[in-house]
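Worksheet: the structure to be examined is printed underneath.
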Amino acid sequence: MTHHENYKELIWALAKTDFKLRYQGSVLGYVWAILNPLLVFTILNFVFSSIFARGSGIKHYALQLLVAIILFNFFSEGTKAGMASLISKSSLVTKIYVPRWTIIAASTINSAMIFIMNLIVIVLFFIWKQFTPSFEAILLFLFFSILTYVIILAFSFFTAPLYVKFRDLLMIWGVLTMILFYATPIIYPLQRLPEYVQQIILISPIAFIIHFTKEALIDNHFPELWQTGIFILATLLFFASGIFVYKKTVPGIAEEI
């Protein structure tokens, strides 16, 4: 068996263990993986559709909201899990030799597994609402979901070794993701903001992904080819930078845990 195959098995074993431990002892178990974003969706949909009527006049508001929440939840949970991965698996880091990157990758895959479970909810919700997106829109959604994972992984390579040295990072990132939630077109359409604000918001990778995913699925409207090209290039550069920073910061990490 090659090293490559060994690493794949190790990552998968760690990811499955993480997934099982996360819901161990809870009454509802794995149902929480689906229930959590659904509860957030239910509350926000009720508040903004019924109480404030902010969803009125927005085409298939509930569908847009659900897709946006699940995508953002994937980004938020994935980045937090990736950042904390080396600390949460400190026994593996300090007692036996396991390639550090496999621990980081396994934590992000665990978040991806939860996201895949939530994709079933999205599909069922679209069927219930009797709305079928175009094939091209579904492909874009899947492609952007993969890019979201790449961003999560890159972010985790950046921050996991740094979090070992600076324990405030997770708290800071928790506050920033809360701010990012409201600065991302999740509960409102981007078009309702001034144009110069729209341009600023679209600098955020998750805002770009969520905005154009909603546009594609609901209105069959896609980003310009040059926009997608620049976004892919920026994502790949971020990923390469994450690996570079990881290689610079990970040596000697076991002594600091």
Side-chain angles (χ1 to χ4, degrees), residues 37 40-41 44 48 54-55 58-61 63-83 108 111-112 114-116 118-119 122 126 133-159 173-243:
V40 175
F41 159 76
L44 290 178
F48 290 100
R54 296 295 182 193
I58 300 173
K59 193 175 177 184
H60 296 289
Y61 179 72
L63 292 177
Q64 293 194 44
L65 183 62
L66 181 66
V67 169
I69 286 172
I70 287 176
L71 270 171
F72 190 86
N73 213 47
F74 178 32
F75 170 78
S76 175
E77 292 295 319
T79 51
K80 287 173 186 173
M83 183 190 290
T108 60
S111 299
I114 294 169
F115 174 67
I116 289 167
N118 281 305
L119 286 182
I122 291 176
F126 270 78
S134 70
F135 180 68
E136 293 82 5
I138 294 169
L139 284 181
L140 185 78
F141 173 50
L142 295 176
F143 179 64
F144 275 173
S145 298
I146 293 167
L147 282 185
T148 303
Y149 177 72
V150 173
I151 291 165
I152 290 168
L153 194 56
F155 179 90
S156 301
F157 280 135
F158 254 115
T159 58
W173 182 240
V175 173
L176 289 176
T177 49
M178 185 174 65
I179 294 169
L180 199 57
F181 180 87
Y182 293 103
T184 299
I186 295 170
I187 55 181
Y188 56 87
L190 191 67
Q191 294 87 340
R192 291 198 173 179
L193 300 174
E195 195 167 334
Y196 75 94
V197 178
Q198 293 181 32
Q199 300 307 316
I200 294 169
I201 284 177
L202 286 178
I203 293 171
S204 161
I206 192 62
F208 183 94
I209 285 170
I210 285 174
H211 169 66
F212 283 111
T213 297
K214 292 196 303 181
E215 288 277 290
L217 289 175
I218 306 302
D219 293 317
N220 210 38
H221 175 250
F222 300 89
E224 298 287 340
L225 198 58
W226 65 268
Q227 288 176 302
T228 307
I230 289 173
F231 185 73
I232 292 169
L233 182 61
T235 301
L236 293 176
L237 285 172
F238 181 51
F239 185 73
S241 302
I243 293 173

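Position 1 is the first residue of the sequence; numbering continues from there. Given the structure is predicted, the values throughout are model-derived calculations rather than measurements.
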Open item on the list: Heavy-atom count check: over 12 atoms from other residues, nucleotides or ligands less than 6.0 Å from Leu233 CG?
Closed with: yes
Open item on the list: Would you say that Thr184 contacts Ile201 through its side chain, given a criterion of any heavy-atom pair below 4.5 Å between the two side chains?
Closed with: no
- [ ] Please work out whether the ring planes of Phe141 and Phe115 are parallel, tilted or perpendicular, with thresholds of 30° and 60°.
- [x] perpendicular
- [ ] Evaluate the ring planes of Phe231 and Phe208, with Trp represented by its six-membered ring, and classify them as parallel (under 30°), tilted (30 to 60°) or perpendicular (over 60°).
- [x] parallel
Open item on the list: Are the side chains of Leu71 and Thr213 in contact, using a 4.5 Å heavy-atom criterion?
Closed with: yes
TODO: Quick one: closest heavy-atom pair of Ser111 and Ala81, and the distance?
DONE: OG-CB, 3.9 Å
- [ ] Could you check whether the rings of Phe74 and Tyr149 sit parallel, tilted or perpendicular, using 30° and 60° as the cut-offs?
- [x] parallel
Open item on the list: Is the ring pair Phe72/Phe181 parallel, tilted or perpendicular, if the boundaries are 30 and 60 degrees?
Closed with: perpendicular
- [ ] Go through the steps to decide whether Ser204 and Leu180 satisfy the test side-chain contact (heavy atoms from CB on, under 4.5 Å), and finish with yes or no.
- [x] CA-CA 9 Å; Ser204 161; Leu180 199 57; 3.8 Å; yes
TODO: Could you walk me through whether Phe238 and Leu153 pass the side-chain contact (heavy atoms from CB on, under 4.5 Å) test, one step at a time?
DONE: CA-CA 10 Å; Phe238 181 51; Leu153 194 56; over 6 Å; no
TODO: Apply side chain to side chain contact (heavy atoms under 4.5 Å, CB included) to Ala216 and list each qualifying residue two or more places apart in sequence or on a separate chain.
DONE: Ala137, Leu140, Phe222
Task: Min side-chain heavy-atom separation His211-Leu202 under 4.5 Å - done: yes
Open item on the list: What I'd like to find out is whether the side chain of Ile210 reaches to under 4.5 Å of the side chain of Ile186, using heavy atoms alone.
Closed with: yes
- [ ] Would you mind telling me which of Leu217, Leu63, Val67 makes a side-chain contact (heavy atoms from CB on, under 4.5 Å) with Ile122?
- [x] Val67
Task: Min side-chain heavy-atom separation Leu66-Ile70 under 4.5 Å - done: yes
Task: Thr79 versus Ile152, closest heavy-atom pair with distance - done: N-CG2, 3.9 Å
Open item on the list: Do Thr108 and Phe155 have side chains that approach each other closer than 4.5 Å (heavy atoms only, starting at C-beta)?
Closed with: no
Task: Min side-chain heavy-atom separation Pro205-Thr235 under 4.5 Å - done: no
